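Heads up, the thing below is written out as structure tokens.
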Amino acid sequence: QILVKHGVLTDSQCEHIITEQDQSGRPFGAIAEELFGVPSEAIEQAWADQYCMMAEWIDAGLVKTDPAALATVDRRQAWQFRILPVRFDAAELMVCSTQEHLVRALEFAGWKIQASCYFVLTDPLSLGEALMKHYPMAGMNPAAAETRPSSTIVAIAIHGSLASMP
């Protein structure tokens, strides 16, 4: 229904996909891509939106972190992918990000972090404050977590800090 709400699919197309899914057992997104040319980015964003409705929300600035969890990413990765590894719960790593950066954070965790991860969410300012505390980086500030990661990192590389940006 999220793809219908965003105008990517019609109700009729959605029903057709569900019928096909019931018969084949294939993932909804794969069928939507194949039958109706839905871009994978739209599928990923819809999945992230759905995940955000069910995920636990925390205040990243107040959560107790585990040094072993923090060591799973370096400072650049934490800021670039807006990701805060929080702690290990049994064999899983709790990772915090924002709704806006969830797809990118999930992709990064999938190829970089060796542990199985589950995500919790926070608001961008809380994430920025936590990143400043655990991964201080010259030129970054809590508000930087609200911007697109690539534009912030590139701006710092060019200008030296957010303060000197035009």
Side-chain angles (χ1 to χ4, degrees), residues 2-3 5-8 27 29-30 32-33 38-166:
I2 293 172
L3 291 169
K5 179 180 168 188
H6 290 151
V8 176
E33 286 181 63
V38 176
S40 60
E41 295 82 10
I43 301 293
E44 290 170 351
Q45 189 59 56
W47 181 88
D49 291 348
Q50 184 178 27
Y51 189 92
C52 290
M53 289 182 233
M54 300 179 295
E56 178 184 355
W57 287 75
I58 65 168
D59 183 334
L62 299 178
V63 69
K64 186 176 190 279
T65 56
D66 174 3
L70 293 170
T72 61
V73 300
D74 64 33
R75 167 185 358 193
R76 181 196 57 78
Q77 292 166 334
W79 280 100
Q80 183 178 354
F81 296 97
R82 303 304 195 257
I83 192 168
L84 176 70
V86 177
R87 68 172 175 262
F88 286 95
D89 289 334
E92 288 187 311
L93 177 61
M94 175 195 283
V95 180
C96 184
S97 191
T98 66
Q99 182 171 357
E100 299 80 8
H101 300 102
L102 183 59
V103 169
R104 191 168 157 83
L106 283 163
E107 289 172 353
F108 170 76
W111 65 262
K112 166 61 174 112
I113 298 176
Q114 299 301 310
S116 177
C117 299
Y118 72 95
F119 278 77
V120 295
L121 300 171
T122 193
D123 66 276
L125 191 56
S126 293
L127 180 63
E129 289 169 355
L131 291 177
M132 286 299 299
K133 178 180 177 181
H134 300 292
Y135 300 101
M137 188 170 177
M140 299 301 274
N141 62 49
E146 296 178 311
T147 62
R148 289 185 55 216
S150 57
S151 62
T152 304
I153 300 297
V154 169
I156 288 172
I158 294 170
H159 301 286
S161 76
L162 289 175
S164 63
M165 286 174 47

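Keep in mind that what you see is a predicted model, and the values were worked out from it rather than measured. Here, residue 1 is the first one in the sequence, and each next residue gets the next number. Scope of the values below: all heavy atoms of this structure, side chains included, with no hydrogens, waters or symmetry mates.
For Tyr135 (side chain) and Leu70 (main-chain N/O), a donor-acceptor pair under 3.5 Å exists by modelled atom type. Using modelled atom types, one side-chain atom of Thr122 and one backbone atom of Ile58 make a donor-acceptor pair closer than 3.5 Å. Judged by distance alone, with hydrogens and angles left aside, the side-chain atoms of Glu129 form no donor-acceptor pair with the main-chain N or O of Ser126 at under 3.5 Å. Tyr118 places no side-chain N or O within 3.5 Å of a backbone atom of Asp89 that could act as its donor or acceptor partner.
The shortest distance between side-chain heavy atoms of Asp49 and His6 falls below 4.5 Å. Taking 4.5 Å as the limit, every side-chain heavy atom of Met140 sits out of range of all side-chain heavy atoms of Arg75. A 4.5 Å side-chain heavy-atom check between Trp47 and Leu106 finds at least one atom pair inside the cut-off.
Taking SG from Cys117 and CZ from Phe88, the interatomic distance works out to 8.0 Å, rounded to the nearest 0.5 Å. From Gln114, atom CD reaches atom CG of Leu93 across 11.5 Å, with rounding to the nearest 0.5 Å. Here CE of Met53 is found 3.5 Å from CD1 of Ile2. Values are rounded to the nearest 0.5 Å. Separating the CD atom in Glu100 from the CD atom in Glu146 is a distance of 8.5 Å, to the nearest 0.5 Å. Within the model, atoms CE of Met54 and CG of Leu121 stand 10.5 Å from one another, a figure rounded to the nearest 0.5 Å. Expressed to the nearest 0.5 Å, how far CD of Gln99 lies from CD of Gln45 amounts to 7.5 Å.
Scanning all heavy atoms of the two residues, the minimum distance from Phe119 to Ala55 falls at O-CB, 4.4 Å. Between Ser97 and Leu127, the closest heavy-atom pair is CA-CD2, 4.3 Å. Among all heavy-atom pairs drawn from Leu102 and Cys52, the shortest one is CD2-SG, 3.8 Å. When every heavy atom of Ala105 is checked against every heavy atom of Arg82, the shortest pair comes out as CB-O, 4.4 Å. What you find for Glu33 and Val38 is that their closest heavy atoms are CG-O, 3.1 Å. Contact detail for Met137 and Trp79: the closest heavy-atom pair is SD-CD1, 3.7 Å.
Ring planes of Phe81 and Phe108: parallel class, angle under 30° (limits at 30 and 60°).
Tested against Val95, the residues Thr72, Ile83, Leu84, Val73 include a single side-chain contact (heavy atoms from CB on, under 4.5 Å) partner, Ile83.
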